[in-house]
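Each remark here refers to the structure printed beneath this line.
The first residue of the sequence shown is numbered 1, and numbering continues consecutively from there. Counting starts at 1 for both ligands and their atoms, following the listed order. Keep in mind that this is a model prediction, so the values were computed, not measured.
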Amino acid sequence: MSFDHFDYKGARFVRKVHTEESLNHAENEFEVFDDDIYNVTYPKSGTNWMIEILNLIKHKGDVTKTNAVSIHMRSPWFEKVVSCKHIDKLDSPRIISSHLPHHIFAKSYFKSKAKIIYTMRNPRDVIVSMFHFTKILNIFTPPDNFQDFVEDFIQGKSLYGSWFDHVKGWMQMKDDERFFFITYEELLQDHRGSVIRICKFLGQELDDAQIDLVVKHSTFQSMKDNPMSNWSQIPSEIMDQSKGAFMRKGISGDWKNHFTVAQSEYFDKIYQEKMKDFNMSFFWEQSS
Ligand code: PPS
């Protein structure tokens, strides 16, 4: 995966989007409030879907309120250079996104009562989603071939570093009452039930009609059709959606259309090795 990068504490970042200063600020100086809600993911795992869901829950399904601000500013990534000015405008409870690995996350979080929702996705579908994303976002040089792209992912040469380290790092918090984890595949399989579980975790009481609105406005098609959610507000010099949509397919299992049998077997072998001491199993391990 080719992009102008630098490494910070074992993870890989995009120059200009991040700097050593912005990461140092995020890790050591950023002030977490007790009522903050953090939407944490490895890239391409459902970050924007969760932004939409969390903001709709906050506003009890009122899409006119969530649509007041474009999705890229509604729940900014606190580690990015540009985000400070957007974070200052958030009202309480702030919903803030991050792709940071656990070991670089804001130190002040660990002394706070703030909540984290961590969304994971089948890494093979993460690879595919990222592969297509590199063709539309100007920070990337489009990849030569899929095989090299998979190899870079395996070696942690992707944006934000290793998927394996990210998941293992964050799942150390799985028994913490401030931490809720969910998979993209669970969201797809039971969208409404997932919204209800998230509301329960957040202590938000929504009635059935309000839950229905949250679900209705956070479906793939609603978000794809919504200019405040489909990233069409971003100038085409930065994200050129004439080459492919940000809201691309929104399905599980698209990897089957991209991996050869040999690539799939190879990835499976690496996955087993890297996850062998990790005693949790995920949805995609049964279905791959
Ligand atoms: S990013 O750039 O890292 O913030 O991307 P992220 O939002 O994490 O992931 C983008 C993928 O999520 C899909 N998506 C959805 N799928 C289903 N339902 C909804 N509502 C939804 N919203 C976003 C999006 O299409 C990307 O996946 P792919 O596989 O590329 O379609």
(request) State the atoms of ligand 1, each with its element, that fall below the 4.0 Å cut-off from a heavy-atom position in Trp77. (result) 4 (O)

(request) Any atoms of ligand 1 less than 4.0 Å from a non-hydrogen atom of Met223? List them with their elements. (result) 20 (N), 22 (N)

(request) Calculate, to the nearest 0.5 Å, the distance between atoms CZ and CG belonging to Arg74 and Asn48 respectively. (result) 9.0 Å

(request) Number the atoms of ligand 1 from 1 as they appear, then name those within less than 4.0 Å of a heavy atom of Pro43, with their elements. (result) 3 (O)

(request) Report yes if some N/O of Asp125 lies less than 3.5 Å from some N/O of ligand 1; otherwise report no. (result) no

(request) Go through the steps to decide whether Lys58 and Asp91 satisfy the test salt bridge (Lys or Arg N to Asp or Glu O under 4.0 Å), and finish with yes or no. (result) CA-CA 11 Å; Lys58 174 174 167 177; Asp91 54 14; 2.8 Å; yes

(request) Closest by any non-hydrogen atom to atom 29 (O) of ligand 1: pick that one out of His132, Arg121, Met130. (result) Arg121

(request) Would you give the length of the straight line joining atom CG of Leu100 to atom CH2 of Trp170, rounded to the nearest 0.5 angstrom? (result) 8.0 Å

(request) Considering the heavy atoms of Asn48, write down every atom of ligand 1 situated less than 4.0 Å from one of them. (result) 1 (S), 4 (O), 5 (O), 6 (P), 7 (O)

(request) Under 4.0 Å from a heavy atom of Thr219: give me the atoms of ligand 1 that qualify, with their elements. (result) 20 (N)

(message) At less than 4.0 angstrom from any non-hydrogen atom of Met247, what atoms of ligand 1 do you find?
(response) 21 (C), 22 (N), 23 (C), 25 (O)

(message) Counting only heavy atoms closer than 4.0 Å, does ligand 1 sit against the backbone of Trp255, its side chain, both, or neither?
(response) neither

(message) Using the ring pair (Phe, Tyr, Trp, His ring centres under 6.0 Å) criterion, which residues pair with Tyr109? Sequence neighbours excluded.
(response) Phe105

(message) Heavy atoms only, cut-off 4.0 Å: how does Ser45 contact ligand 1, side chain, backbone, both, or neither?
(response) backbone

(request) Identify the heavy atoms of Lys157 and Arg12 that sit nearest to each other, and give their distance. (result) O-CD, 3.6 Å

(message) Please list, in number order, the atoms of ligand 1 under 4.0 Å from a heavy atom of Lys249.
(response) 31 (O)

(request) Scan side-chain atoms only and decide if Thr66 and His217 contain a donor-acceptor pair under the 3.5 Å cut-off. (result) no

(message) Is a donor from one side chain sitting under 3.5 angstrom from an acceptor on the other, for Tyr266 and Glu151?
(response) yes

(request) Output yes when the distance from some N or O of ligand 1 to some N or O of Thr47 is under 3.5 Å, and no in every other case. (result) yes

